[in-house]
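Computed from a predicted structure; not experimentally measured. For the numbers below, each heavy atom of this structure counts, side chains included, while hydrogens, waters and symmetry mates do not.
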Amino acid sequence: MRDDTVEFMDDVVPAELPGMCMQKPRGVRESAGRISAPAFETGAVAAEQDEENIADDKDVAIEKNGGAQMPSLRDICLVVVGRGPEAEELVRRRREACGRCILLWTGEAPSHQHLADPPGRHAFRWRPPRRGGSTAHVQIRRLRHELGSYERTWCKFGPDVVEFAEGMGYEVWASTKQDVHRIRAFDAASGSTLWDVSGAVVFVGAEFDAREGAVRNLEEVRAFDVAVKEEEMKPFATVAFAPVLLAAAWYGVQLFFTSYLMIVFEGSLGARGVPWWRGMTVLGGSVFGNAVPAVYGFALTGVWPSSRVTLSFVTFFVPICVGWSMASIRSADGFGYTCSFFSMCVASTVTLLAVGLPIFGLWSVRQMKKQRADLRGTSCKLHFAWLLWMVSTTLGAWILMYGVALCYLSLSRYSKLAASSALPLLATLCEHALVKCNGFIYRQLVCRPRNARSARATMNGDQRRVLDVGIQLAHAYKEATMLISLLAGEAATPDYTWIIALLQSFIINVIVRGRITTLLRGAFCPMWTRRLLTPNSFSELHNQVRFTSGYPRFVPVFGVAMARLLAFRGSKPMFFNQSCVALFFVALCFEALEDVLVWKVRWPSWGHYYDFERLDMFDIRHVFAFDCEGIQFEHVALGFHGMRSHDAWQTAAIMAPASYFSFTLMTLLLGAGYVHGVCPDPFLSGV
């Protein structure tokens with residue numbers, strides 16, 4: 001601690017401290033005093049404050065935000081200052097607890113320490129460190145890789161790992177010697193602010209032994225409370241590239257063997273035959289058994305499953321898959337036929353949910369009783385309604401997109417050009433409607449009861465873990481509907497009208513994902529339209545899942561093509577005809593090009609056209625950061641900072657319906673017999 005007198009701040013920063021934000025937030029008056037470092041050490045404060053003005057400021061801030069209270073700073077962000085294994089372990093524990101975290105890798109003490117009350121909404125600051133750029137520090141690069149710290153366009157994944165570079169300084173604000181609640185990093189030469197955040201600041205490591213409240217060793221690190229008490233303060237979650245590739249390979253191999261064995265054995269199956277080969281090939285789909293504890297069961301109870309429970313449900317799904325795959329339905333005259341792949345998927349899923357959900361529910365209640373949770377504060381009605389919506393996004397959206405594909409085929413009988421032009425518009429409209437409904441239902445069932453002071457019971461658990469599932473499936477189904485519908489049309493009557501549909505879909509996706517429509521709407525539409533169509537976090541999360549959920553549609557098509565190539569040895573085309581071959585690879589190239597353009601191109605800003613300040617400071621719908629100085633358009637909202645990635649098990653469960661949808665739709669539109677080479681023409685075994 002320095003012995004000279006340092007400036008103390010509460011709401012705003014005096015001009016003597018360079019580099020601080022000087023713009024005064026609306027409805028907040030200045031309040032500043034002076035305090036010497038020795039006086040701070042003894043707890044004496046030599047500052048005059050206008051308590052009446054401060055109280056008025058807080059009342060104005062609370063009234064402006066609908067009477068909402070300030071969340072816990074530890075729930076918002078944990079800032080770890082230190083270096084060494086202790087700091088690494090604390091950041092890992094915070095990440096496992098699904099909390100937001102910033103690691104300042106240094107053993108240097110702060111250059112200043114100011115005395116100030118913990119910030120309310122009128123003094124909350126959120127201008128986190130900027131990521132990107134190379135660093136020569138090997139340890140920093142290693143930590144960023146191990147902790148999953150990276151950026152994907154607008155989103156920040158994992159904790160911030162910040163290098164304490166040469167010529168850099170930092171200062172902190174505290175209400176007591178232990179309660180440090182704000183940190184500001186600045187350029188030592190110019191005094192300009194590098195980053196400035198409010199949060200719980202903890203000093204870790206032997207370098208801070210003399211500091212009261214510091215975490216000094218691994219034992220204290222393991223005893224430190226890193227939990228996020230308020231669930232809605234956790235960042236969003238979505239899938240990562242590596243688990244998606246692993247799941248795609250898993251389902252691709254499974255569908256390849258399924259198609260190959262069906263080509264070899266299905267055509268010779270007699271009326272009383274048993275399709276034993278199906279029971280061997282659908283075992284790969286048993287991974288979907290994890291959807292009960294990790295998706296639907298979690299939506300029902302809010303209790304996250306252990307690894308043992310996950311493996312138990314995966315194992316439990318195996319006999320269900322095998323049983324329904326080999327089931328035969330016999331008519332009165334003795335003629336029998338096996339279930340279609342779609343019927344098998346639906347029957348297996350319904351059986352799994354009907355049996356698995358009650359079992360998981362009982363296990364969850366037992367776990368909550370062990371943790372002595374107050375079950376009276378959990379609303380069964382809200383959980384059940386959220387579960388119904390989650391099931392609807394899987395099976396209901398599946399049927400909806402089936403209808404879109406059938407509309408395309410019906411219209412193509414009269415005009416294939418008109419059908420190709422209408423398909424992208426209809427499919428995109430259905431997709432965006434599902435995403436809008438997903439966000440609206442989440443706010444009504446999860447956010448609103450949790451924010452209401454009079455709510456007697458709310459939902460349990462971190463429901464943001466499964467928020468993106470409906471959005472993922474909506475986009476995956478839409479993209480699969482586009483590909484398979486065009487593929488079915490080309491298999492029946494080959495021509496090149498599919499180019500119009502693919503090009504139109506590509507242009508629509510790039511414009512929407514690049515926020516060009518958002519920019520034009522904000523620039524030219526009246527205010528009431530902009531308020532009604534203001535972009536929110538759900539639409540931005542929709543943009544993020546597009547990077548991964550557009551590729552599962554290619555997996556079953558490629559698996560069937562490889563199976564036909566191996567089984568027929570060139571006697572029959574692998575992709576039905578040359579037009580289908582061109583369609584498949586052009587669609588794949590368009591998908592990759594679309595992602596590259598959205599990722600690499602610097603799109604124009606649009607946020608200043610919309611009034612985001614009308615929302616509560618911590619509203620889930622925010623896209624940009626919102627602190628005491630207003631909307632920070634150069635920083636992401638809290639929900640997109642420190643985002644989490646689903647583990648491999650949950651990703652595989654989400655990818656299962658996304659992958660099987662393309663296969664079932666292909667057999668529905670073309671007929672299973674034609675797909676597997678038994679029938680010479682499409683539609684003979686189809687609709």
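Taken from CZ in R127 to NE2 in H635, the straight-line distance is 6.5 Å, to the nearest 0.5 Å. One finds the CD1 atom of I654 at 5.5 Å from the CG atom of D468 (value rounded to the nearest 0.5 Å). With values rounded to the nearest 0.5 angstrom, C101 atom SG is found 8.5 Å from D160 atom CG.
For R366, the CZ atom is loosely surrounded, since the number of other residues' heavy atoms within 6.0 Å does not exceed 12. Sparse packing is recorded around CZ of F384, with 12 or fewer heavy atoms of other residues, nucleotides or ligands lying under 6.0 Å away.
Considering all non-hydrogen atoms of both residues, S198 and P119 come closest at OG-CG, 4.0 Å. Scanning all heavy atoms of the two residues, the minimum distance from F640 to C155 falls at CD2-SG, 3.5 Å.
In this structure, F618 has its ring center under 6.0 Å from that of F124. Under the 6.0 Å cut-off for aromatic ring centres, Y442 and W386 qualify, their centroids lying closer than that.
F624 and F633 have perpendicular rings, their planes meeting at more than 60° on a 0 to 90° scale where under 30° would count as parallel. Taking the six-membered ring where tryptophan is involved, the planes of F157 and Y150 are essentially parallel, since the angle between them stays under 30° and well short of 60°.
Remark: R515 qualifies as a cation-pi partner of W606 under the 6.0 Å distance and 45° angle criteria applied to the six-membered ring.
Using modelled atom types, one side-chain atom of N451 and one backbone atom of C447 make a donor-acceptor pair closer than 3.5 Å.
Using modelled atom types, one finds a donor on one side chain and an acceptor on the other under 3.5 Å when comparing Q632 with D627. Checked by atom type, the side-chain pair W304/D462 shows no donor-acceptor distance below 3.5 Å.
Side-chain contact between F547 and F241: present, with at least one pair of heavy atoms (C-beta onward) separated by less than 4.5 Å.
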